[in-house]
Amino acid sequence: EQAQVDWGHFGYITIGSAKRPLMAFVMVLSYSRKVFLHFFLNARTENFLRGHELAFNYFAGSPRVALYDNLKSAVLDRQGDAVRFNPTLLKFAAHYLFEPRPCAVYRGNEKGRVERAIRYIRSNFYTGRHYTSLDDLNQQAHVWCDTTASNRPCPEDRSKTVQEIFLEEQPRLIVLPDNPYPCEELETVSVGKTPYVRFDLNDYSVPHTQVQKSLVVRATLDCVSILDGTSVIALHSRSYDKAKQIECPEHIKELADRK
């Protein structure tokens with residue numbers, strides 16, 4: 001019936017010369033206490049939705065209600081019981097057929113399951129953990145979810161494990177749609193006198209014919225696409241470093257030939 005969702009801040013991670021926040025997306029199924037954990041480099045709405053999508057795929061279904069604190073990725077404004085939801089979250093929830101529901105103001109105890117899960121993650125998973133990259137950390141987190149977190153006794157029935165209760169709960173989850181919701185970041189950018197666009201602390205090359213124009217960046221966690229209207233004019237691997245120039249050799253060659 002319900003899942004509880006929250007972010008946990010786990011300090012910072014250094015990637016090249018960039019220092020980025022290490023944010024843990026945590027979703028807990030309220031009945032079985034099955035935990036999903038995935039780390040991101042910020043808590044923006046796009047990563048909030050990506051976390052949901054990864055969790056739903058992990059559980060092979062979605063709950064009917066997702067309970068949140070009044071975080072900005074879910075609630076833009078609130079006056080008493082009147083709530084203005086993030087419209088992107090509402091579209092996402094409609095796609096997966098669940099109801100987003102915020103806790104009452106100053107009633108964080110209403111989502112105590114996910115808050116306890118974050119404390120459990122800090123003490124049982126993260127403290128003393130060694131990892132070489134964000135991907136390595138997430139691989140370890142997913143293994144931990146499948147083993148240690150799933151094999152612990154269920155708080156509601158300690159004669160069974162979380163995994164055993166989850167197997168009872170899973171068939172009652174909402175079946176996922178065949179088409180995943182698009183969770184790309186979209187950002188309008190301007191090209192100056194040099195053929196580069198700035199996105200997320202780095203510069204990405206575009207054809208020299210695109211200077212002095214307004215373009216759109218569409219980014220996944222791994223890839224940066226740059227569009228002029230509906231046409232993709234550049235495609236790059238995404239960098240999480242800082243102040244780097246990510247270049248396509250063809251763009252540089254075309255510019256040199258033109259000069």
Side-chain angles (χ1 to χ4, degrees), residues 3-29 32-63 66 68 71 73-74 89 92 96 113-152 162-163 166 170 173 176 180-185 199-202 218-225 236-242 244 246:
Q4 298 185 4
V5 183
D6 206 355
W7 288 108
H9 185 249
F10 282 73
Y12 294 87
I13 182 172
T14 300
I15 302 176
S17 57
K19 182 180 179 182
R20 293 181 178 265
L22 186 61
M23 303 299 298
F25 175 90
V26 182
M27 181 181 288
V28 180
L29 294 179
S32 65
R33 306 300 208 278
K34 183 80 167 176
V35 174
F36 174 78
L37 166 66
H38 192 90
F39 290 90
F40 293 96
L41 297 177
N42 62 55
R44 290 178 58 174
T45 298
E46 294 85 2
N47 283 338
F48 192 58
L49 301 186
R50 287 165 178 152
H52 281 73
E53 206 157 70
L54 290 169
F56 294 164
N57 288 328
Y58 178 67
F59 298 139
S62 63
Y68 308 103
L71 68 171
S73 298
L89 176 63
F92 181 87
Y96 286 102
R113 288 171 172 83
V114 71
E115 291 186 349
R116 285 191 293 273
I118 291 174
R119 291 197 297 270
Y120 177 52
I121 289 164
R122 291 188 192 280
S123 62
N124 189 283
F125 172 75
Y126 192 74
T127 300
R129 175 87 35 187
H130 296 284
Y131 53 91
T132 58
S133 65
L134 184 67
D135 287 341
D136 179 36
L137 179 61
N138 278 323
Q139 288 175 2
Q140 294 185 47
H142 296 167
V143 170
W144 179 83
C145 289
D146 282 338
T147 54
T148 303
S150 292
N151 294 332
R152 74 191 194 280
V162 165
Q163 181 64 18
F166 171 71
Q170 197 285 322
L173 297 176
L176 299 178
Y181 188 88
C183 297
E184 296 97 346
E185 296 156 69
F199 174 71
D200 192 21
L201 305 181
N202 296 290
R218 184 175 65 200
T220 67
L221 291 175
D222 303 312
C223 180
V224 172
S225 304
H236 299 277
S237 295
R238 185 167 182 171
S239 172
Y240 292 98
D241 206 328
K242 180 181 179 181
K244 296 295 182 182
I246 296 90

Q) Under the salt bridge (charged side-chain N to carboxylate O under 4.0 Å, His left out) criterion, do Arg113 and Asp6 qualify, and how do the steps go? A) CA-CA 10 Å; Arg113 288 171 172 83; Asp6 206 355; over 6 Å; no
Side-chain donor/acceptor pairs under 3.5 Å, residues 9-18, sequence neighbours excluded:
| unit_1 | atom_1 | unit_2 | atom_2 | d |
| --- | --- | --- | --- | --- |
| His9 | NE2 | Gly11 | O | 3.2 |
| Ser17 | OG | Asp241 | OD1 | 3.1 |
| Ser17 | OG | Lys242 | O | 3.4 |

Q) Got a sec: does the CZ of Arg218 have more than 12 other heavy atoms crowding it under 6.0 Å? A) no
Q: Evaluate the ring planes of Phe48 and Phe25, with Trp represented by its six-membered ring, and classify them as parallel (under 30°), tilted (30 to 60°) or perpendicular (over 60°).
A: perpendicular
Q | Minimum-distance pair of heavy atoms, taken over all atoms of Glu46 and Cys183 | A | CB-O, 3.8 Å
Q. Where do Arg50 and Asn47 land on the side-chain hydrogen bond (donor to acceptor under 3.5 Å, both in side chains) test, with the steps shown first?
A. CA-CA 5 Å; Arg50 287 165 178 152; Asn47 283 338; 2.7 Å; yes
Q.
Pair Glu53, Tyr96 - check side-chain hydrogen bond (donor to acceptor under 3.5 Å, both in side chains), show working.
A. CA-CA 9 Å; Glu53 206 157 70; Tyr96 286 102; 2.6 Å; yes
**Q.** Result of checking Tyr68, Phe59, Tyr181 against His52 for ring pair (Phe, Tyr, Trp, His ring centres under 6.0 Å)
**A.** Tyr68
Q: Kindly say whether Arg119 contributes a backbone atom to a donor-acceptor pair with the side chain of Ser123 at under 3.5 angstrom?
A: yes
Q. Pick one: which of Leu71, Val114, Ile118 meets side chain to side chain contact (heavy atoms under 4.5 Å, CB included) with Trp7?
A. Leu71
Q. Going from NZ on Lys34 to CD on Gln163, what distance comes out if it is rounded to the nearest 0.5 angstrom?
A. 3.5 Å
Q: Kindly determine whether Tyr126 and Tyr120 satisfy side-chain hydrogen bond (donor to acceptor under 3.5 Å, both in side chains), including the steps that lead there.
A: CA-CA 9 Å; Tyr126 192 74; Tyr120 177 52; over 6 Å; no
Q: Ignoring hydrogens and angles, tell me if any N or O in the side chain of Thr127 forms a donor-acceptor pair with the backbone of Arg122 under 3.5 Å.
A: yes
Q | Working for ring-ring contact (aromatic ring centres under 6.0 Å, His included), residues Tyr58 and His142 | A | CA-CA 9 Å; Tyr58 178 67; His142 296 167; 7.2 Å; no
Q. Are the side chain of Asn138 and the backbone of His38 linked by a donor-acceptor contact shorter than 3.5 Å?
A. no
Q: Scan for salt bridge (Lys or Arg N to Asp or Glu O under 4.0 Å) pairs involving residues 124-144, sequence neighbours excluded, and state none if there are none.
A: none
